[in-house]
Every structure is written in structure tokens, then in C-alpha cells.
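Data first, discussion second: the structure below is written as C-alpha cells.
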2 protein chains.
Amino acid sequence: MDVLEVLAEPARRRIVDALLTREASVSDLVSALGMSQPAISKHLRVLREAGVVTARAQAQQRIYRLEPGPFRELDAWLSPYRKLWNLHLDALEEHLRQGEEP
Amino acid sequence: MDVLEVLAEPARRRIVDALLTREASVSDLVSALGMSQPAISKHLRVLREAGVVTARAQAQQRIYRLEPGPFRELDAWLSPYRKLWNLHLDALEEHLRQGEEP
DNA sequence: CGGTTATATACCTGTCAAGGCATGTTACGG
DNA sequence: CCGTAACATGCCTTGACAGGTATATAACCG
């Protein structure tokens, strides 16, 4: 899953977090995150190519917004692992104690 | 969130995926993933320090098992973003109901 | 004990990506 | 047009990290 690698980067998670409440221009994010503008733009490019964000032009500004798709993908990837915290508490320990898995 | 960075690595995701169905020893994973044993051990170390897996000793073997905690964390981190695909559907619905095209 | 199996660690190397600076690009404003 | 504002891109350096080989450690077997 590519989304995981994209969101692994801390700066990118801060951007995504900032975009959660409202969409923002590049300079908004620059002043919000205290990073250089090229750095922000590069991260936005990565996020854009992964489909995490989309941009629309408004005057000379580019307004970036979150897209739900990749987060749904991540949710879907996580899905099989949810059985872990159902299984874990009661069943697994007894299961191991009886040892019935060849 | 540290878990994201740990699970961003493809080889580590393959390990985690292999451990989803059943626990496994190091050599099991070596033959399953076709990587060198030291490489597997290093990934397991990273996963262990992140709390994604735990190991128990059985003879000379170390049996590795998934732990639910980090996956719950990931699920919790993802939670605020779930509103995205609710908002998306709401906006779409209203947009369809108004049926406007400039 | 000595040898063997199973895993961990040390060390080295190549790769890749993040971040800074400088510069290109594009759309407005006068 | 020309200058400027808002972003994007190119180039460069540096640091982290993955993977391999060689070696240490630990438990088991004879």
C-alpha cells in the first residue's frame, strides 16, 4: 500500500492534519508548519500523486483539499487486523494453551 | 505515530501479513519471504520495539506473534479522517438534489 | 564438553529521500 | 508590457536505513 509510505513522513502527517479542519493554500501551510515553501510544495506533490490531496487554482493560489479515497484504502488494509483485538483478550490465550494449530 | 513509519516498509508489511494467519519462527519467515535471516531479524527487531510483535522462546527458536495494540493505535489515528467519506457523501447527495450546473 | 541449530549483532556499502537555496513558471495588477 | 505574488522545480548535500556478509550468542544433542 502506497498510502502508508506517503503518510509515514511526519511532515506530511502534519500537513494532512492541518487539512483535516479546512482546506488551505500553500502559503497557509508554510506559515502553519514553519517550513520552507519548497519543502511544503514537494510534500504536497507527493501527497497529490498519491491521491491524498487535490488542488484547485484560485487566482495565483493553489487551494489544497483532502480526498477520502486513500484513507478508505488504509481503512481497508487495516481491516483484516481488526480481528486481532477481538481474538486477543479471551480466545487466544486458551487457544495457545490447548495447542491445536499444526 | 510511530506505527505508520514502521509499517511503511514493504518487507515489514509482508512479515506482518504472514503473521496474520499464524505465528511463526524466524526461519519460517526467512523461507516465507525469501530474504536473508539477518534482514528478517532486523525487521523483527524494529517491529518488536514498536510493539507490533512479541516473541517467546521455544527451544532455540523464537516464535513471533502479532500484538493488537499498534493496530488499534492506527485505527484511532485514522478515526478523525473517517468523517471525510461521510462529508463526501453528504456533499454529493446535496449536490445531486439541487442538480445545478453552471 | 564439542558440535550443531537458531537467532541476534557488527560492520560495511549503496540507495534514496528530505530539506535548503536558487531559479523557472504562471497568473494578476498597474 | 512589466513587475510581482504564489508555487513549482532543479540541483546539491546530508543523514537514515535496508540488505548483505561475517561473526557473536544461546540453547540443544551426542
Side-chain angles (χ1 to χ4, degrees), chain A residues 1-19 22-67 70 74 77 96 99 101-102, chain B residues 1-19 22-67 70 74 102:
Chain A
M1 168 144 323
D2 203 23
V3 190
L4 269 173
E5 304 176 19
V6 167
L7 292 178
E9 168 58 42
R12 240 125 55 191
R13 279 205 300 275
R14 297 208 299 148
I15 291 179
V16 160
D17 185 61
L19 289 179
R22 51 194 169 308
E23 48 185 26
S25 69
V26 177
S27 47
D28 287 343
L29 293 170
V30 168
S31 51
L33 301 196
M35 279 176 62
S36 75
Q37 175 263 314
I40 297 286
S41 281
K42 287 184 191 176
H43 283 305
L44 285 173
R45 177 187 166 97
V46 174
L47 290 168
R48 203 188 327 130
E49 289 176 346
V52 178
V53 300
T54 50
R56 73 171 196 275
Q58 170 185 296
Q60 314 99 305
Q61 301 186 344
R62 302 272 175 120
I63 309 294
Y64 280 85
R65 183 204 312 181
L66 282 185
E67 287 297 325
L74 189 51
W77 176 83
L96 287 178
E101 187 142 18
Chain B
M1 165 146 322
D2 205 22
V3 190
L4 270 173
E5 303 175 19
V6 167
L7 293 176
E9 168 58 42
R12 242 128 50 193
R13 280 205 299 274
R14 296 209 298 149
I15 291 180
V16 161
D17 186 60
L19 290 178
R22 51 193 168 311
E23 48 185 26
S25 70
V26 177
S27 47
D28 287 343
L29 293 169
V30 168
S31 51
L33 302 195
M35 278 175 63
S36 76
Q37 175 264 316
I40 297 287
S41 280
K42 285 173 80 177
H43 282 305
L44 285 173
R45 176 187 166 96
V46 175
L47 290 169
R48 203 187 329 127
E49 289 177 345
V52 177
V53 301
T54 51
R56 73 172 196 276
Q58 169 185 295
Q60 317 97 305
Q61 302 186 342
R62 302 272 177 120
I63 310 294
Y64 280 85
R65 183 206 311 181
L66 282 185
E67 288 296 326
L74 189 51

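Per chain, numbering begins at 1; letters A, B, ... match sequence-line order.
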- Query: Nearest to the side chain of B:K42 - C:dC11, C:dA18, C:dA8?
  - Reply: C:dC11
- Could you tell me whether a side-chain N or O of B:D28 sits under 3.5 Å from a main-chain N or O of B:S25, the two making a donor and an acceptor? yes
- Answer yes or no: does atom CZ of A:R62 have more than 12 heavy-atom neighbours from other residues, nucleotides or ligands under 6.0 Å? no
- When B:R12 is tested against each of B:K42, B:E5, B:H43 for side chain to side chain contact (heavy atoms under 4.5 Å, CB included), which residue passes? B:H43
- Which residue lies toward the 5' end of DNA chain D, B:A11 or A:S41, if each is placed at its nearest nucleotide? A:S41
- Between A:H43 and A:Q58, the residue closer to the 5' end of DNA chain C by nearest nucleotide is A:H43
- Query: Quick one: which of D:dC28, D:dT9, D:dA5 gets closest to the side chain of B:Q60?
  - Reply: D:dC28
- Item | Sugar-phosphate, base or nothing in reach of A:Q61, heavy atoms under 4.0 Å | sugar-phosphate
- Interatomic distance, B:M35 CE vs C:dT7 P [rounded to whole Å]: 15 Å
- Query: Is there a side-chain polar atom (N or O) of A:R62 under 4.0 Å from OP1 or OP2 of C:dT26?
  - Reply: no
- Closer to the 5' end of DNA chain C via nearest nucleotide, is it A:S36 or A:A59? A:S36
- To the nearest Å, how far apart are A:R45 CZ and D:dC7 C1'? 13 Å
- Task: Please tell me if the side chains of B:V53 and B:E67 come closer than 4.5 Å, counting only heavy atoms from C-beta onward.
- Result: no
- Query: For D:dA8, does OP1 or OP2 lie under 4.0 Å from any side-chain N or O of A:Y64?
  - Reply: yes
- Gap between atoms CD1 and P, on B:I40 and C:dT9 respectively (whole Å): 15 Å
- Query: Could you state the CG-P distance from B:L47 to C:dA8, rounded to the nearest angstrom?
  - Reply: 12 Å
- Could you check A:E49 against A:R45 for salt bridge (Lys or Arg N to Asp or Glu O under 4.0 Å), going step by step and ending with a plain yes or no? CA-CA 6 Å; A:E49 289 176 346; A:R45 177 187 166 97; 3.5 Å; yes
- Query: Rounded to whole angstrom units, what separation is found between the CZ atom of A:R56 and the P atom of D:dC7?
  - Reply: 12 Å
- Please tell me which of A:S27 and B:P38 maps to the more 5' nucleotide of DNA chain D, matching each residue to the nucleotide holding its nearest heavy atom. A:S27
- Message: Whether the side chain of A:Q37 and the base of D:dA8 hold a donor-acceptor pair under 3.5 Å is what I'd like checked.
- Response: yes
- Separation of atom CZ in A:R48 from atom P in D:dC7, rounded to whole Å: 12 Å
- Message: If I take atom CG in residue B:L33 and atom P in nucleotide C:dT7, what distance separates them, rounded to the nearest angstrom?
- Response: 14 Å
- Query: Over how many whole Å does the gap from B:E9 atom CD to D:dC17 atom P extend?
  - Reply: 11 Å
